[in-house]
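To keep things clear, I will list the structure first and then write my remarks on it.
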Number of protein chains: 2
Amino acid sequence: MLKEERHQVILNEVRIHNKVLLTDIAELVKVSPDTVRRDIKELHDANKLKRVHGGAISLGFNHYNYANREIYSLEKKSKIAEKAVSLLKEGQVVLLSGGTTNLEIARLIPPYLKITCFTPSLPIAVQLLPKPNIEIIFIGGKINKDSQITIGGGPIGVLSELKADICFLGVNSIHPSDGVTEFDWEIVQVKKAMINASKKVVVPSIFEKINSVQRYKICDVASVDILITELDKNDPLLKPYGKNITLV
Amino acid sequence: MLKEERHQVILNEVRIHNKVLLTDIAELVKVSPDTVRRDIKELHDANKLKRVHGGAISLGFNHYNYANREIYSLEKKSKIAEKAVSLLKEGQVVLLSGGTTNLEIARLIPPYLKITCFTPSLPIAVQLLPKPNIEIIFIGGKINKDSQITIGGGPIGVLSELKADICFLGVNSIHPSDGVTEFDWEIVQVKKAMINASKKVVVPSIFEKINSVQRYKICDVASVDILITELDKNDPLLKPYGKNITLV
DNA sequence: GAAAATCTTGCAATGTTTTGCAATATTTTT
DNA sequence: AAAAATATTGCAAAACATTGCAAGATTTTC
């Protein structure tokens, strides 16, 4: 049995039971306890579980990692969010996907601006709550705990009946020829529905972190109307995107 | 059982009851009192709880940040929420309306209990988020900023297709002859839909505050299966409710 | 493609942590 | 102040972890 396979077995057990006993795994996959120990040590170092005397337990119990996931890039994020907010006009129907950049946008939306915001993101809804002039419509469904957005048929159904003026689509990866991609299949489905549900698609993203390709495709670059980054719109790095996209 | 697990059990008990008896834990997890003592000592050193003679208490417990009256009502609320949580069984589909008592229930749901929670309440969804075994379905729609729950056709539509095992219905007023009443018409509609969407309706409420009548009617007392209050179930004040309702 | 370097795994010797018990001290209750 | 409950301490057995090592597998280098 390959090491990778054992790792998957261990992580799966942790996922199901929130813990594993070292001896149980050793017996289950028929290797020495030493090997399992080394496996657990590796997974611990990779921050996939917490190694403890006698086995390992799930990280899950105290994970509030969403809030402080990427503090260092906050400044760039604010810059992007400011540009994004400047696109908003009174009376618009705005669709906000999840993600920390969109959360920052939500934070910066002026409280006196009368708009309607649709979102499947729990933190974004909470962020918008105190702004008196913003009408919030939460797109309900099953909550994905990693991304803290709703996924599945529910949200997709709601989105199919919506045509928002503008959509801020938080993305993990964008590439001139491979388009917008994502690593979670269910999130891809929601984001596809969001694109269909909007007249205009805006991607606000830290350029440094997004010029990459992930497993599943959301859409072509051509489906994106506006790309907002921390860079100047004339920056040569953005040249490959310039033909079909408005840069901000 | 791993040491880390015991620690989680202890912290969870402290979270729920604001205190633990050393002997109770020893019996619960079936180890010697000495071991529990050592566990509590460790958790104390890690500043997770306060070690005291005979067991441990919650850190926040003696902070007089609240007015006395609020602490008083918080205690009642916790008492009610504890009773409510004890009704839950693994695998159930649970419907939680909004309100502070239900928020307290959400707080006390053990993180290792595998249940599915439907809720239209933003704070309750956020409260449930870190509990790894709970599947959260947010009932989407337009958010009412006062109550922080979704209202209108969206939620009512979703609820019409649901049959939950149990519904915790937060209420403002209940009266033996006038039934359950509410002052906001839109919230009434959602709560009516919740009652229809559940096999069993539980009303958890501070008795002192609810024995009153408001503008709009949600349902008769007969539609409520279980009434949970801070009072003993044999308290004469509850007598008028006793005929059709199980008191807890 | 062969040799060298690296990685993986199980074993054994040694070190550490965990746990329950018993004897003794301290605190709380009556 | 005595009785009861809880804490502390030291100890020993068991469980678990660490380290170094060697045999075999895999990858890299030439």
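The sequence lines fix the lettering, A, B, ..., with proteins before strands; numbering per chain opens at 1.
Residue A:Thr35 places at least one side-chain N or O closer than 4.0 Å to OP1 or OP2 of C:dG10. Of the side-chain N and O atoms in B:Lys3, none sit less than 4.0 angstrom from OP1 or OP2 of D:dC16. Contact annotation: A:Ser32 does not reach the phosphate of C:dT9 (side-chain N/O to OP1 or OP2, under 4.0 Å).
More than 12 heavy atoms of other residues, nucleotides or ligands shown are found within 6.0 angstrom of NZ on A:Lys217.
Rounded to a whole Å, the CZ atom of A:Arg37 is 14 Å from the P atom of D:dA15. One atom, CG of B:Leu2, and another, C1' of C:dT17, lie 14 Å apart when rounded to the nearest Å. Rounded to an integer number of Å, the gap from B:His53 NE2 to C:dT28 C1' is 6 Å. Separating the CD atom of B:Glu42 from the P atom of C:dT17 is a distance of 11 Å, rounded to the nearest angstrom. Rounded to an integer number of Å, the gap from CG of B:Asp24 to C1' of D:dT6 is 14 Å. For the pair A:Glu4 CD and C:dT9 P, the interatomic distance rounds to 11 Å; values are reported in whole Å. Between the CG atom of A:Asp34 and the P atom of D:dC21 there is a distance of 16 Å, given to the nearest Å. B:Lys30 places its NZ atom 16 Å from the P atom of C:dT19, with the value rounded to the nearest Å.
In this structure, a donor-acceptor pair under 3.5 Å is absent between the side chains of A:Gln214 and A:Asn172. A:Thr100 and A:Lys77 form a side-chain donor-acceptor contact under 3.5 Å, judged by distance and modelled atom types alone. Side-chain contact annotation: B:Glu135 with B:Thr116, donor-acceptor N/O pair under 3.5 Å present. In this model, a donor atom of one side chain and an acceptor atom of the other lie less than 3.5 Å apart for B:Glu104 and B:Ser78.
In this pair, B:Phe138 and A:Phe138 present their aromatic rings tilted. The plane angle is within the 30 to 60° band.
Comparing B:Leu22 and B:Arg38, the nucleotide of DNA chain D nearest to each residue sits closer to the 5' end for B:Leu22.
Across all strands shown, B:Val52 has heavy atoms under 4.0 Å from sugar-phosphate atoms exclusively, and none from any base.
Here the CG atom belonging to A:Leu169 is positioned 11.5 Å from the OG1 atom belonging to A:Thr101, to the nearest 0.5 angstrom.
A rotation axis mapping the C1' atoms of four pairs onto the next four is fitted at both ends of the helix from C:dG1-D:dC30 to C:dT30-D:dA1 over five pairs, and the angle between these axes is 50° to 10 degrees.
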